[in-house]
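Quantities reported herein were computed from a predicted structural model and do not represent experimental measurements. All values below come from the heavy atoms of this structure, side chains included, with hydrogens, waters and symmetry mates left out.
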Amino acid sequence: MNLGDLARGAASRVLIESRYAATLVRAAGPQVVSSVNPAEYVNLLRSVIDYGIEGSATAAAKALNPRGVAVIDDAGSLTFDELHRNSSALAASLHARGVDAESSLGILCRNHREFFEIFFAAGKLGCRTLLLNTDFSGPQLADVCQRESITVIIGDEEFAERIQGLPAEVLVVMAACDTAPDGAIDTVRQLIAKGAGSKPPKPSHAQRVVLLTSGTTGTPKGAPRDIDISLAAPGGFLSKVPMRAGRSVLIAAPLFHAWGLATSMLAFGLGNTIVLNRSFAPQGILDSLERHKVDTLVTLPILLARLIAIGEPEIKSRDLGALRVIALSGSALSADLATRAMDILGDIAYNMYGSTEVAFVAIATPKDLRAAPGTVGRPPYGTSIRIMDADDREVPVGTPGRIFVRSTLQFGGYTDGANKKVTDGFMSTGDMGHLDPNGRLFVEGRDDDMIVSGGENVFPAEIEELITAHPQVSEAAVIGIPDEEFGARLRAYVVADGQLDAEGVRDYVRANLARYKVPRDVIFVDEIPRNPAGKIVKRLLPDPD
């Protein structure tokens with residue numbers, strides 16, 4: 001690459017970052033920056049010098065809004081100043097126990113304030129920070145911790161039995177204790193009290209966060225993320241989703257998942273109050289929306305479906321006038337659910353399609369969801385999409401193919417050394433889909449999820465979405481099973497709330513889709529197994545044979 005190419009690349013990067021910055025200023029409002037006490041800038045600069053961008057996040061939030069409420073959870077409220085002081089105290093106590101930038105720290109917590117106190121303490125220590133799935137069994141937790149070389153784990157008391165299976169040399173700290181500690185194991189609250197007024201020394205390097213893939217088909221993989229100073233993540237998201245500063249944001253998605261973590265970090269950056277519930281009960285979500293005058297609800301499609309199932313009369317009876325944004329991701333949003341939700345709550349649904357590996361790919365606005373139900377939208381600023389065939393050639397508009405994306409947010413590979421396929425700078429999402437003439441993306445299913453039945457290619461997602469749209473059905477999953485005559489035949493698992501029978505399901509599919517997409521087998525179940533991100537875990541579906 002010659003100097004001219006480098007100069008053009010640098011100029012383009014500056015232009016892109018400038019546009020991201022303008023988007024952030026619009027979201028935050030110029031009054032937020034102008035209201036900061038000048039003395040706080042000095043403290044913030046010292047924090048950045050000592051702890052870098054990651055470790056100084058709470059100092060920045062405190063500078064912008066010291067008396068503002070950072071978190072509201074089941075235990076009450078926590079200000080930005082308290083979050084800053086608590087995370088510093090926790091970091092100091094952990095450092096006194098040998099935790100530093102060379103440590104790998106695992107967090108096994110539900111949604112509550114201590115998750116953030118731990119996460120930001122790890123940032124100040126420069127720890128490699130692994131976010132662990134609260135659905136892990138004991139053996140699965142042990143396997144992941146061994147693979148990722150975890151040296152310290154901080155987990156909720158409810159997971160104590162699973163944590164006990166880890167090697168004795170792993171330092172264990174308990175969070176969210178509902179009973180009095182016995183003194184054998186330190187708790188987060190005890191460490192914060194012991195470290196009050198202290199702060200850890202400057203770390204040798206910056207924090208690195210490791211997110212785990214959803215793991216619907218096997219053991220989750222670690223996907224490390226370096227936190228840099230680019231504004232691509234917040235700028236790209238805010239170019240489509242109108243989150244604003246100084247509001248309340250309810251995070252009804254797991255904080256250990258990329259979606260919950262990313263949106264909560266963005267909310268903190270805007271000086272928002274984050275509202276958390278340890279459980280995602282639909283009635284509890286509805287109560288929190290009303291009680292805290294929530295402006296933005298961040299959740300999963302399956303949780304939105306359960307919220308809507310409460311019924312329009314009950315929802316309409318609540319004061320939800322403050323709610324402007326429902327941001328969705330984690331799993332597929334069906335066209336029917338998007339339409340029903342907006343009919344009841346207004347045109348405020350925004351659907352983000354992406355993954356841990358590639359970050360944001362496309363975001364559908366309410367206008368997109370009304371004009372083209374089922375779309376995942378268009379790519380945000382700074383992101384490009386290509387649809388490619390099996391030979392890595394771009395296909396015409398409207399033609400299905402493999403979805404590839406290019407942005408500055410792609411990860412650098414899994415912790416086991418593997419990586420996603422990359423072609424000409426575009427990384428595979430692992431999904432199949434197509435673009436319409438307006439540039440809207442439609443996802444048709446996983447590229448390894450395709451079922452060949454009688455020589456025809458079938459993607460289960462299309463059939464699942466259709467069956468779920470039936471008025472007597474709340475959930476559905478479709479798989480392929482071996483068949484001597486057709487190679488594979490379709491089996492549908494259905495959660496129905498009426499008198500619907502198997503032939504009724506088949507008739508419904510037959511009336512709306514091609515004959516070869518009609519499931520031969522229909523199994524009625526009480527629930528469809530899902531992971532915490534809301535994705536269907538098909539390997540856990542019962543085998544009637």
Side-chain angles (χ1 to χ4, degrees), residues 1-2 4-24 209 211 213-214 221 223-241 258-259 262 266 329 350-365 368 375-414 418-448:
M1 183 178 291
N2 57 41
D5 290 335
L6 289 172
R8 281 189 292 272
S12 175
R13 187 66 191 166
V14 169
L15 179 63
I16 291 173
E17 291 291 337
S18 297
R19 183 164 172 178
Y20 288 145
T23 300
L24 283 169
V209 178
L211 299 168
T213 59
S214 294
K221 296 178 181 179
R225 283 285 181 183
D226 290 315
I227 304 173
D228 57 32
I229 60 173
S230 171
L231 300 176
F237 184 79
L238 293 171
S239 70
K240 293 282 189 178
V241 183
W259 176 235
L266 177 56
S329 189
Y350 297 79
N351 184 38
M352 196 284 292
Y353 163 63
S355 71
T356 303
E357 296 89 346
V358 300
F360 309 132
V361 177
I363 301 174
T365 65
D368 291 323
T375 184
V376 296
R378 301 179 176 92
Y381 183 69
T383 298
S384 301
I385 294 173
R386 280 185 186 174
I387 309 297
M388 299 188 190
D389 63 17
D391 297 317
D392 295 338
R393 295 174 301 194
E394 195 166 0
V395 302
V397 170
T399 303
R402 298 173 300 150
I403 303 171
F404 283 73
V405 60
R406 181 174 65 190
S407 74
T408 59
L409 298 175
Q410 295 165 193
F411 85 140
Y414 298 108
N419 206 336
K420 284 280 192 178
K421 179 179 175 61
V422 178
T423 300
D424 192 26
F426 285 76
M427 179 173 284
S428 169
T429 66
D431 290 325
M432 300 286 290
H434 70 274
L435 292 167
D436 72 7
N438 294 304
R440 297 189 185 98
L441 178 65
F442 292 79
V443 179
E444 298 176 11
R446 298 289 299 171
D447 58 8
D448 57 1

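To the nearest 0.5 Å, the span separating CZ on Arg386 from CG on Asp392 amounts to 10.5 Å. Atom-to-atom distance recorded for Asp368:CG and Arg440:CZ is 5.0 Å, nearest 0.5 angstrom. The distance from the OH atom of Tyr381 to the CG atom of Leu238 is 15.0 Å, given to the nearest 0.5 Å. The CG atom of Leu441 sits 6.5 Å away from atom OG1 of Thr375, with the distance rounded to the nearest 0.5 Å. Atoms CE and CZ, on Met432 and Phe442 in that order, are 16.0 Å from each other to the nearest 0.5 Å. One distance of note links CH2 of Trp259 with OG of Ser329; it measures 5.0 Å at 0.5 Å rounding.
With a 4.5 Å cut-off on side-chain heavy atoms, Phe360 and Ser407 do not count as touching. Between Tyr353 and Ile403, some side-chain heavy-atom pair lies under the 4.5 Å cut-off. Contact annotation: the side chain of Asp436 never approaches that of Val397 to less than 4.5 Å [non-hydrogen atoms, C-beta and beyond]. No side-chain heavy atom of Met427 sits under 4.5 Å from any side-chain heavy atom of Phe404.
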Starting from the C-alpha separation in whole Å, work towards a yes-or-no answer on side-chain contact (heavy atoms from CB on, under 4.5 Å) for Arg378 and Ile363.
-> CA-CA 6 Å; Arg378 301 179 176 92; Ile363 301 174; over 6 Å; no
Test log, rule side-chain contact (heavy atoms from CB on, under 4.5 Å), inputs Glu444 and His434 = CA-CA 8 Å; Glu444 298 176 11; His434 70 274; 2.7 Å; yes
side-chain contact (heavy atoms from CB on, under 4.5 Å) between Lys240 and Tyr350, worked out = CA-CA 8 Å; Lys240 293 282 189 178; Tyr350 297 79; 5.6 Å; no
side-chain contact (heavy atoms from CB on, under 4.5 Å) evaluation trace for Val376 with Val361 | CA-CA 9 Å; Val376 296; Val361 177; over 6 Å; no
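In terms of heavy atoms, Gly439 sits closest to Pro379 at O-CD, 4.3 Å. When all heavy atoms of Pro400 and Val395 are compared, the closest pair comes out as O-CG2, 4.4 Å. Looking at every heavy atom in both residues, Ser239 comes nearest to Pro380 through OG-CB, 3.8 Å.
Using a cut-off of 4.0 Å between Lys/Arg side-chain N and Asp/Glu carboxylate O, Asp431 and Arg402 are scored as not salt-bridged. At a threshold of 4.0 Å, the pair Arg406-Asp424 does not count as salt-bridged, since none of the basic side-chain nitrogens sits closer than that to a carboxylate oxygen.
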